[in-house]
Amino acid sequence: VSSTVSLLVALLVLAYLGSALFKRRATRDFGLASGAEYVVLGFLLGPLLGLIGRDLLTTFDGMHRMGGAWLALLAGLGYGVTTRRSVGRATLGVVLTALVGTGVAAASWFIAGYLWKLALYERVLLSLSTALLCCATTHNVSPWFATSHKQHGGVTEALRDLGRASALVPAVVLAFVLAIAPNHGLDMLVPWGRVGVTLGTGVLLGLLGTLLLGSEFRSSESWGLLLGLAVLGAGLGFYVGLSAVACNFCMGLTVSLASRHAHDIRAMISPSEKAVMLPVALLLGASIEPESAPWVLLAALIGGALGARVLSEFLRGFLVFALLKKARAGGPWLGPAMTTTSGFTLAAAVELRHMLPIPLGPALLMLAALGAVLGAVLAPLQLRRVLQRAGELDDSNAPLPLSSDSDLPPLSEGERSSLS
Amino acid sequence: MSGSSKKRTFGTRIIQAVALLIVFLLPYAAAKASPSLDSGLGVLAAVGFLLLAGTLMSELLETIGLPHLSGYLLAGILAGPHVFHLLDHDVVEKLSPVNTLALALIALAGGAELRLTTLRSVARSVSIALLLQSSIGFVVITGIFLLVAPMIPFASELAMAPLFGVAILWGVIGVCRSPSACLGILSQTRAKGPLASFSLAFIMASDVVVVLLMACALMIARPLVTPGGSISPEALNVLGHEILGSIAMGTTLGLLLILYLKLVEHNLLLVLLVLGFGMTEFMRYVHIDPLLSFMTAGFVVMNLSAQGEKLLHSVENTGAVVFVVFFATAGAHLDVPLLRQMWPVALLLCGSRAIITVLIAIVSSRWAKDPPMLRRWGFSSLVSQAGLTLGLGVVVARAFPEFGEAFRNLVIATVAINECVGPILFKIALDRAGETSVEAPSVRPSLMPAAPPH
């Protein structure tokens, strides 16, 4: 039996476990929201033990990137949900994400210039890329944490909304980074034109999806349609060398804002998030190339970027405390709780790894992997304190909600069985 | 997609037509805007394109009464390497894993559709039809090949003995049917009734017979075609082991599926993907026929437990996406230039095969005392040919390199015609027989037992 099929089966089993984690009450407490443990597992199986070789990983490149693009679609749908709930909170999320990104970009600009000695063009690529990988936070860590501890509240909701809104900035930056990066097919266009093509294709596909889904929601047909649109969008992005992740994010955002079935669609495909994220995380861990650059330089870049992120997160936390009334009960030290890595970040890292030249791509992948691990360690500790302070954690035996997405309407029995 | 039988408005059709145009234009524009990229679309873009274009094309062709399957095929043909060249040969080849998964799902669904009650009700009709189609059909198609051999470039130069060997192989190809086309049409139309039950039971049983016939034909043809070759009964021994092994493996798999469906039930999509990719590879490795194994597994789940409907529903949900890509890829595979080159002889062979099939179906229906509707339309599902026939063509090409490639090309040319005509014929027959008029339920029930013959 070929190793390709063996790895494929292993990934499917992993997806099965991921999906079970999402659904089952008994197992929901296991597994971190960012899938960081699977990144570590991938690293152990790949670079450390050599069980997943480079050739084998190359076979899965397309699938890996498609998984990332699917996560981006989900992130786009999520951003739309937040915008529909509260435009103000969505805007605040975008502004604060840009702020964190600026802090990280400044740090990596300095490191790229003075330690890595990169040329101006590469410095721009590297600092923008590190910024986009370090500015987004995940929408599901606080619901995951709170659901594990059987509680919900204002801080939980605020963190989730800010998390969802945080995907917009890196999506646009990613579109720009890949538009100025080498190896794209649309040579005749200026960079901003390529950004427009990336985002415009996403919007066009999103509008097509909205129109084709029509007035009546039929889950079996919608699956095929959304899958087809997402795969086409991602495939075209890969083909012309533009960002498939940004394209699919825009598609999800457009569907979410334009379609009257936005909630149904999210309810239908959100169970696939964990199922896709875990294999993506595992392959990301296995794709790490520690030898791609001198370790001193890697350590400087990663340490500098993550350090800048943590500092910027403190600032983000203070601003959330100051500006968002609902989150005030959690206190001013919210920042570190938002250091978790989102599925979108993993998707962006996978894309950058494939599209940027060595050593930038591999270095950024490593940054995303270590960022995921750092977030998985730091965020739950701080989140526990914050939620306890807000009175959103207790150990009572209240029944668990079915879905961790409390903004979604409750599902009927029929919908639950069709989703399963 | 399968199962959508709701009436669409004119506005919806316009939207679908515009969407189809955009779906074709997007990859075209990408290719034109990137002249530095000399290859066709990547695999992922191809999958997305085929899924969307196939779905939209099928919806549009539905307005003129054509089956969805024809829409999938047409989308593939148009996008393929010989028409608009949106997909090149390399990409089409790389889509073969989709075929692996689709064939596993088709076999699983096919087995699950074979309810014992259904089989009992059509047992007499199927047995007689199978006997006559596989014996008389085989002999006559072999004879016709011998007659038209002077028109076939690679056969016209052969001496009598090798020509007879080749004709035997062609005879087996002639009696091969298409389970995928049959299931594709039944899945779309949700047809219920004697014609649907008969067609399904006949084609599934015919699969096993054709595999056996091909093994025998290869054994007989070898000494005729290859100088110094001899008949080796060892091949039958190996085949016997393969068939028994497949049934045993399928039964085990079926029992495991019953347990899973009963105890866990969730995430059937992922389980089917693991089965489709992982188990198929494993079975090939241990020389077990995946098609027969999955068919047995489906049969076991449907007839030995109450979990059959769940399995069928899940396979249909998964297949709804996979089948579109599968048939669209088959369309992209069609070698249009080859068909243009060989169409006279291919048309002759297809036409004669169709006539023989119809005549034998009439005789067997009268013998079996079938109801009038089955007597009239019983042949309709037997014209289609697709993946299995192409697979047998590859087997022959590998076994006889001296003429195999030319033989395979002829198989491809005839399959191209039968693949396009057969599903349309079957859909028309189901419509005329009144078996597609039932409003689609939200969850498709398995085929009901056919009414007893009057």
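Every chain is numbered from 1, with letters handed out A, B, ... down the list of sequences.
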Original post:
A/Leu73 versus A/Phe249: any side-chain heavy-atom pair under 4.5 Å?
Top reply: no

Subject >> Residue pair A/Leu226 / A/Met268, side-chain heavy-atom distance below 4.5 Å >> reply: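 Yes - at least one pair of side-chain heavy atoms lies under 4.5 Å apart.
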
Original post:
So, are B/Glu62 and B/Arg13 salt-bridged, with charged N and O less than 4.0 Å apart?
Top reply: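 Yes.
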
Subject >> Proximity breakdown for B/Leu273 and chain A, heavy-atom pairs closer than 4.5 Å >> reply: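 Its backbone and side chain both get close to chain A.
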
**OP:** List in chain and number order the residues that pass side chain to side chain contact (heavy atoms under 4.5 Å, CB included) with A/Leu41, two or more places apart in sequence or in another chain; answer none if no residue qualifies.
**Re:** A/Tyr38, A/Leu45, A/Leu282

**OP:** For B/Leu20, check side chain to side chain contact (heavy atoms under 4.5 Å, CB included) against everything at least two apart and list the hits.
**Re:**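 Scan of B/Leu20 (side chain to side chain contact (heavy atoms under 4.5 Å, CB included), adjacent residues dropped) gives B/Phe24, B/Ala53, B/Leu56, B/Met57, B/Leu60.
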
Original post:
Among B/Ile22, B/Val47, B/Leu26, who wins on heavy-atom pairs under 4.5 Å with chain A?
Top reply: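 Maximum pair count with chain A is reached by B/Leu26.
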
So for [X], is it side chain, backbone, both, or neither that comes closer than 4.5 Å to the heavy atoms of chain B?
X: A/Leu229; answer: both
X: A/Leu207; answer: neither
X: A/Leu227; answer: both

